[in-house]
Structure formats: structure tokens, C-alpha cells
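Reviewing the structure listed below.
Index from 1, following the sequence. All values below come from the heavy atoms of this structure, side chains included, with hydrogens, waters and symmetry mates left out.
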Amino acid sequence: MRISEGDQVAFTHCYAEYGKMLRPFLVKLIGTRDGADEIIQEVFLKVWLHRDRLAGVESPRSWVFRVAANTGRNWLKKQLTMEVHMRAQQGTVPVHDHVTDRLDMHRIADVVQETVGAFPPQRKLIYQMSREEGLKPGEIAARLEISVSTVKNTLLSALKAIRENIEQAGLLGTLLFLFIKR
């Protein structure tokens, strides 16, 4: 990637291309457009400052989105901390709110990511093809030249492992609460 060599034109192109994709992602993640715009600026500052790392990155898009997700989570934590301090100064009791919900969802996402990262290669690939690429079991089976039942059984095993790890992390109740609440 030319950005890793300090190419400002390539960086400007990257900003224009990925910035458009990051905004809706971040608005969904943190719930505010202003915050998303602030985070996008911070993300691309990090991209430029750490451009030397891009040379070894297999998927620049995934790397930029990972930086954005982490920056968004940190932004949410900072917002929650500021809110807690403000409420403490005002003498009000913190209530369960959307910031807490979002932080819990990020903790769940982290558990899912860690679980998937520990999967054997084929299970990981099948899970990613299903969840990240949105492929149906038949499409996955055709691409990997395996049976549809193997794909379905692998996905069931993957989802079971994810559910168990969410439960072990003490987040299953939170997950159920968040879905019932909506």
C-alpha cells in the first residue's frame, strides 16, 4: 500500500473511500453522527501515524474498520466515564442507559471475536463466510467443495461455542435483556 510509503495522495483517496463507509458503521456503533465524525478524524490520524504498519496488512479495509471499532469503543467508554463523573457530582444515581447497553454489546462482540479467533481454520472460515460475507450454507459448501450438512453442522458448533463463551463471561443475561428491551 502506497500510504505506508508516505504517499499523501493515496492517503487522501483512502480517506475519501473509507470515510464514507465508516460513518454509517460508527453512527450505528455509537449512536451519534457528531461522535462518528470525531472518531473518523481520529481513525485517519491513527492510520497516518501508523502508516508503516500498513505494509504488512493483508486487508487494509479490515484493518481500518478494526481501528474504527476500537476507537469507537474507547470513545464510548470515555463518554460513560464522563457521564458517571457528572452524575456523581450532581448526586444522581446512574441508570441503565444506551451507553451502558452499547458497552455491554461491545463486550459481547469482543467475546465473539475472541471465540471465533480460537476456532480451527475451517470452522473459522465457514463462520466468517456465513456471518461476514452473508453466504448461505449452499453457497459456502459450493465454494469449499464440501457438503451442505458439513457447513450446517460446523455453523451449529460455532454458534454453540460462542453462546457458551458469552454465558461464561456472564453476558448472556445482558444479551437477552438487550434483545427483550428492543
Side-chain angles (χ1 to χ4, degrees), residues 1 4 14 17-32 35-36 39-40 43 46-47 50 53-77 80 96-182:
M1 185 171 228
S4 65
C14 177
E17 183 178 337
Y18 292 131
K20 291 176 190 173
M21 290 187 269
L22 287 176
R23 191 165 197 258
F25 168 74
L26 289 167
V27 168
K28 185 176 179 181
L29 182 72
I30 65 166
T32 168
I39 292 166
I40 289 170
V43 165
K46 289 178 181 181
V47 168
H50 301 288
R53 295 182 189 170
L54 285 171
V57 171
E58 227 175 270
S59 173
R61 180 181 187 272
S62 296
W63 187 76
V64 169
F65 271 82
R66 173 62 47 218
V67 171
N70 290 339
T71 304
R73 283 189 198 103
N74 291 339
W75 185 88
L76 281 171
K77 289 175 188 174
L80 179 61
H96 193 81
D97 58 19
H98 75 282
V99 175
T100 304
D101 290 348
R102 288 184 187 282
L103 285 172
D104 287 343
M105 287 303 293
H106 293 300
R107 287 177 49 215
I108 291 168
D110 288 342
V111 170
V112 170
Q113 184 180 2
E114 289 171 16
T115 304
V116 172
F119 283 165
Q122 183 165 340
R123 184 185 299 175
K124 182 177 182 179
L125 177 62
I126 290 171
Y127 178 84
Q128 290 173 330
M129 292 173 83
S130 171
R131 296 305 190 255
E132 294 174 15
E133 295 179 36
L135 299 178
K136 295 182 181 351
E139 296 170 315
I140 297 169
R143 280 194 188 179
L144 299 179
E145 298 179 353
I146 57 177
S147 71
V148 175
S149 62
T150 299
V151 172
K152 288 180 179 179
N153 288 337
T154 301
L155 286 172
L156 285 173
S157 297
L159 294 173
K160 180 181 178 189
I162 290 168
R163 186 178 57 250
E164 287 171 353
N165 286 348
I166 288 172
E167 191 172 3
Q168 286 176 359
L171 295 168
L172 189 58
T174 301
L175 185 61
L176 293 174
F177 173 77
L178 292 172
F179 282 108
I180 292 169
K181 183 177 154 185
R182 299 198 191 289

side-chain contact (heavy atoms from CB on, under 4.5 Å) assessment of Ser130 paired with Leu135: CA-CA 5 Å; Ser130 171; Leu135 299 178; 6.0 Å; no
Measuring from Leu26:CG to Thr71:OG1, what's the distance to the nearest 0.5 Å? 8.5 Å
Are the side chains of Tyr18 and Val47 in contact, using a 4.5 Å heavy-atom criterion? no
Run the side-chain contact (heavy atoms from CB on, under 4.5 Å) test on Thr32 and Trp75 for me, step by step, so that the C-alpha distance in whole Å, both residues' side-chain angles and the decisive distance to 0.1 Å come before the verdict. CA-CA 11 Å; Thr32 168; Trp75 185 88; 3.5 Å; yes
By side chain to side chain donor-acceptor pair (under 3.5 Å), Arg131 pairs with (sequence neighbours left out) none
Do you know the tightest heavy-atom contact between Trp63 and His50? CH2-O, 4.2 Å
Give a yes or no answer on whether the side chain of Glu164 reaches the backbone of Ala161 with a donor-acceptor pair at less than 3.5 Å. no
From CG (Asn70) to NZ (Lys46), nearest 0.5 Å: 7.5 Å
In Å, rounded to the nearest 0.5 Å, how long is the span from OG1 of Thr115 to CZ of Arg123? 10.5 Å
To the nearest 0.5 Å, what is the distance between CG on Asp110 and CG on Asn165? 13.0 Å
Dump the intermediate steps for side-chain contact (heavy atoms from CB on, under 4.5 Å) on Gln113 and Arg66, then the final yes or no. CA-CA 11 Å; Gln113 184 180 2; Arg66 173 62 47 218; 3.3 Å; yes
Could you walk me through whether Met129 and Val151 satisfy the side-chain contact (heavy atoms from CB on, under 4.5 Å) test, starting with their C-alpha distance in whole Å, then the side-chain angles of each, then the deciding distance to 0.1 Å, before giving a yes or no? CA-CA 10 Å; Met129 292 173 83; Val151 172; over 6 Å; no
Write down the atom of Leu22, the atom of Ala68, and the distance for their closest heavy-atom approach. CD2-CB, 3.6 Å
What residues form a salt bridge (Lys or Arg N to Asp or Glu O under 4.0 Å) with Arg61, not counting sequence neighbours? none
Tell me the closest heavy-atom pair linking Leu159 and Tyr127, and the distance in Å. CD2-CE1, 4.1 Å
Distance col, row Ile40:CD1 vs Phe25:CZ, nearest 0.5 angstrom, shows 10.5 Å
Quick check: closest heavy atoms across Pro137 and Val148, and the distance to 0.1 Å? CB-CG1, 4.1 Å
Contacts of Asn153 that satisfy side chain to side chain donor-acceptor pair (under 3.5 Å) - sequence neighbours left out: none
Could you check whether any side-chain heavy atom of Ile162 comes within less than 4.5 Å of a side-chain heavy atom of Phe119, counting everything from C-beta outward? yes
Could you tell me if the side chain of Arg73 sits less than 4.5 Å from the side chain of Ile30, heavy atoms only? no
Flag for Thr154-Ser157: side-chain donor and acceptor within less than 3.5 Å: no
Hey, could you give me the CD1/CD distance between Ile126 and Gln128, rounded to the nearest 0.5 Å? 11.0 Å
